[in-house]
Number of protein chains: 2
Amino acid sequence: MNVQLLNKKEAIFESTLKLINEHGFHGTPMSQIATHANVATGTIYHYFNSKDELILELFKYCREKTNEHIFNFDEDLAYKERFFYIWNRLVDYYLTHKETFWFIEQFYSSPYYELIKQKKTTYYGVDKMYLFFEEGIKSGIIRNVSFYTLISVYIGSATSHVKMVTYGFCKMQTKGREDLIEIIWNGVKNQ
Amino acid sequence: MNVQLLNKKEAIFESTLKLINEHGFHGTPMSQIATHANVATGTIYHYFNSKDELILELFKYCREKTNEHIFNFDEDLAYKERFFYIWNRLVDYYLTHKETFWFIEQFYSSPYYELIKQKKTTYYGVDKMYLFFEEGIKSGIIRNVSFYTLISVYIGSATSHVKMVTYGFCKMQTKGREDLIEIIWNGVKNQ
DNA sequence: ATTTAGTAATTGAACGTTCATTCGGTTGCA
DNA sequence: TGCAACCGAATGAACGTTCAATTACTAAAT
């Protein structure tokens, strides 16, 4: 696949992302995506077999981009620092890529996600998080609770925070963020 | 509005809830809702002006029902007990009303929510939560952080937990739940 | 270097279906 | 008698997808 192709495919992705954010999955016709991406309607069907496949691929694309961004830390950092770092990187990425964030949220809570879930392939991001929490537990730094409990509180608080900020309920102030991740840390660390 | 009407309206609500969970907002035709609710298509338009209005009203209906359920505690309970109680009631309600949960999640992350958000009416649930956290801060039991920080961690963890369980990632075991709310409590309480 | 042929990418009008909404008529109740 | 509730076939617009035709690219042959 040459560069030109990559550009068209990405243009379609980006247009879909933007339009779905504004009008929802089904409020976004293929024709509109095509216009916005400066391609013909038929061209989309050269890259994707259907609208559903386009949306599924876009989801994977978004998830990959997010993961690439948050796991690029210095391995030498102390555990606590990495704990704060990863969380902050995630919040940062979502706040600077709100369309990605909302698309992922929309996708996860829609019936689309059922289609992905069935393929029980653990993917990069989950693996990384699992290893990170495992390290914390084994070294006695954080409490010995299940992976999914840790994920719930770690990721759940991050996404809730991003929602609050993008809804406009609270300002994007560092204070609230720092408080929040500190609360999480206090909660999961071994006393 | 008599009982019969209430029944039809509620039947429409419940059918919409169920079908939207299965097929999404736009994968659910009005005709299908009508069939499922045992009414004629036209009847829906007697109660709601449009599909959008139906979905908006359903959202309010779900939110009210949820709030009714979680704030019925004994005022005499100690603060910590109420802190655990409300959280558990919320998780309970969502786990036993998964369709309500997913509909609300879908709604919040869709463009529909923009329509509601603009009407800056604070509603019952938010008020109650605000007063509850305020009480905890004033009495020195929990840390003095912003309302939205507390909401992020308290509600965020609950919804994340429910997602994990309904996705089938972790079993509906009391252990994980107890760990989770305890982590939150450890995080927000004054040391 | 130029031609040629084959393949991949692209186009957008046309098709057939689906769906939200309407409306004229019917029922049931006060 | 009047009004609200209810019905469901009809309407017309919108949308996903197809497809026959056109263009752009690649590389082998001359």
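In what follows, chains are A, B, ... by sequence order, proteins preceding strands, each numbered from 1. Reckoned from all heavy atoms, side chains included, excluding hydrogens, waters and symmetry mates.
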To the nearest 10 degrees, what angle separates the axes at the start and end of the helix from dA1(C)-dT30(D) to dA30(C)-dT1(D), five pairs each?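 Inter-axis angle at the termini of the helix from dA1(C)-dT30(D) to dA30(C)-dT1(D): 10°.
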
Side chain to side chain contact (heavy atoms under 4.5 Å, CB included) between L17(B) and C62(B): does it pass, once the steps are laid out? CA-CA 9 Å; L17(B) 197 54; C62(B) 287; 3.9 Å; yes

Closest to the P29(B) side chain, choosing from dA20(C), dT21(C), dT17(D): dA20(C)

Quick check for you: among dT17(D), dC6(D), dT21(C), whose closest atom lies nearest to any side-chain atom of M30(A)?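 From the listed options, dT17(D) comes nearest.
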
Which word best sums up how the rings of [X] and [Y] line up, parallel for under 30°, tilted for 30 to 60°, or perpendicular for over 60°?
X       : Y       : answer
Y85(B)  : F73(B)  : perpendicular
F132(B) : Y154(B) : tilted
Y93(A)  : H97(A)  : parallel
Y167(B) : Y108(A) : tilted

Interatomic distance where [atom1] belongs to [X] and [atom2] belongs to [N] [whole Å]:
X      : N       : atom1 : atom2 : result
Y45(B) : dT22(C) : OH    : C1'   : 9 Å
H36(B) : dC19(C) : NE2   : C1'   : 19 Å
D52(B) : dA20(C) : CG    : P     : 10 Å
L54(B) : dT21(C) : CG    : P     : 10 Å
F48(A) : dT18(D) : CZ    : P     : 15 Å
H26(B) : dG16(D) : NE2   : C1'   : 15 Å
Q32(B) : dG8(D)  : CD    : P     : 17 Å
F25(B) : dC19(C) : CZ    : P     : 17 Å

Any protein N or O atoms within reach of nucleotides 11-14 of chain C? Criterion: under 3.5 Å, listing atom names and distances.
unit_1	atom_1	unit_2	atom_2	d
dT11(C)	OP2	A40(A)	N	2.7
dT11(C)	OP2	T43(A)	OG1	2.6
dG12(C)	N7	G42(A)	N	3.4

Can you check whether Y47(A) has a side-chain N or O nearer than 4.0 Å to OP1 or OP2 of dT10(C)?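 Yes, such a contact exists.
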
For Y79(A), does the OH atom have more than 12 heavy-atom neighbours from other residues, nucleotides or ligands under 6.0 Å away? yes

Show your reasoning for whether side chain to side chain contact (heavy atoms under 4.5 Å, CB included) applies to I141(A) and K189(A). CA-CA 6 Å; I141(A) 298 172; K189(A) 76 175 180 198; 5.7 Å; no

Just so I know, are the side chains of N186(A) and E182(A) near enough to count as touching, which here means a heavy-atom distance under 4.5 Å?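 Of all side-chain heavy-atom pairs linking E182(A) with N186(A), at least one is under 4.5 Å.
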
Looking for any heavy atom pair under 4.0 Å, which part of the strands does T28(A) touch: base, sugar-phosphate only, or nothing?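 If one applies the 4.0 Å heavy-atom cut-off, T28(A) turns out to touch the sugar-phosphate alone, with no base involved.
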
Between F13(A) and F48(A) (judged by ring centroids, cut-off 6.0 Å), do the two rings come close enough to count as a pair? yes

